2 protein chains.
Amino acid sequence: MTDSPAPRPRDTAQRRAIRAAFAGTPRPLSPLEVLEGAQANLPGLGVATVYRTLKMLTEERWLVTVEIPGEPARYEIAGKPHHHHFHCRACGQVFEVEGCPRNIQTLTPTGFELEDHEIVLYGRCAACAA
Amino acid sequence: MTDSPAPRPRDTAQRRAIRAAFAGTPRPLSPLEVLEGAQANLPGLGVATVYRTLKMLTEERWLVTVEIPGEPARYEIAGKPHHHHFHCRACGQVFEVEGCPRNIQTLTPTGFELEDHEIVLYGRCAACAA
DNA sequence: AAGATAATGATATCTCATTATCATCTACAG
DNA sequence: CTGTAGATGATAATGAGATATCATTATCTT
């Protein structure tokens, strides 16, 4: 039962490229958006590595997942102030929106325990609305 | 180019059972919940028929879809007053919650066009919290 | 520099929810 | 009552996202 000796993550070009992709944008990114963004710096990057790295970065809390109804999960850098999201129906991108209505708790029915909430706005982003 | 003669939907036991399942609960139902609920009245009912009927009832606007992140779509009877949803992480059921914060529009960034919004609360329903 | 081993990438595979197929059944107009 | 076209159900097929496989490559300690 000798416990696992303690693995140590390595610093690789693909992990750097993936982190850079997040650092370079204020939007939550889908795995494929991460792939495209990181491939700009590292052409050979594969999908499997993206998924593996997203999982890893999420487990170590460098990323958090953003779930949008009917869409694959997005990821964004953890630790940002509380905010919500806007999903553009034209280009499919997800944007951050600041702020949050104060009275969310009051919506909760009696007896229910509120742990979390998500607000998703739908419409057209500035670029697509033009 | 004689246009399709005009099909007329038939009144079948399975369609009645599916509509009854919705009439019998205030919650949005997933296809499998519909299947189970309707099978209580009609044991032989199959999945394919549920999906076909949900699609049909949605197209004729008797139902609307409710999308919850990471979950299969739910359906609820159309025409209800504006409301949102609570997703119980313990039992997986989705519940309606009344009301809506007033200032949603103010969250929208300048230049963005808001068409719609969804609020999902996460936590434990009254039954599971006990 | 060299070895041990973690990481990668191409691709096969899995997991689901949903849809198509098709022989059989049934609602309903005539 | 009858015929027929719509409806059903068992099951195969599909599709998309995510994961597993495994030979090869690259990191990092010594």
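All chains are named by letter (A, B, ...) in the order of the sequence lines, taking the proteins before the strands, and each is independently numbered beginning at 1. Please read all numbers here as calculations on a predicted model, not as lab measurements.
Side-chain contact between Val64(A) and Thr58(A) is absent, with no heavy-atom pair separated by less than 4.5 Å.
Around atom CD of Glu115(A), more than 12 heavy atoms belonging to other residues, nucleotides or ligands sit under 6.0 Å away.
Listed here is the closest heavy atom pair of Glu118(B) and Tyr122(A): CB-CE1, 4.1 Å. Residue Cys100(B) comes nearest to Leu107(A) through the heavy atom pair N-CD2, 3.8 Å, listed as atom of the first residue, atom of the second, then distance.
Terminal axes of the helix from dA1(C)-dT30(D) to dG30(C)-dC1(D) (five pairs each, C1' rotation axis) are separated by 30°, to the nearest 10°.
Residues from residues 42-64 of chain B lying near DNA chain D, meaning a heavy-atom separation below 4.0 Å, are Gly44(B), Leu45(B), Gly46(B), Ala48(B), Thr49(B), Arg52(B) in numerical order.
For dA7(C), one of the phosphate oxygens OP1 or OP2 lies less than 4.0 angstrom from a side-chain nitrogen or oxygen of Arg15(A). For dT8(C), the OP1/OP2 oxygens have a side-chain nitrogen or oxygen of Thr12(A) closer than 4.0 Å. For Gln14(B), no side-chain nitrogen or oxygen approaches OP1 or OP2 of dA7(D) to under 4.0 Å.
Looking at Arg10(B), its side chain has no donor and acceptor atom pair within 3.5 Å of the base of dA7(D).
A centroid separation of 6.0 Å or more is found between the aromatic rings of Tyr75(B) and Phe22(B). Between His82(B) and His117(B), the distance from one ring center to the other falls under 6.0 angstrom.
The CD-P distance, from Gln39(B) to dT8(D), rounds to 14 Å in whole Å. Per the geometry, CG belonging to Leu35(B) stands 13 Å off P belonging to dT8(D), to the nearest Å.
Comparing Arg16(B) and Leu32(B) against DNA chain C, the residue whose closest nucleotide sits nearer the 5' end is Leu32(B).
Among Glu67(A), Glu76(A), Glu96(A), Arg74(A), the single residue meeting the side chain to side chain donor-acceptor pair (under 3.5 Å) criterion with His85(A) is Glu76(A).
Taking 4.0 Å as the cut-off between side-chain N and carboxylate O, Arg27(B) and Glu33(B) count as a salt-bridged pair.
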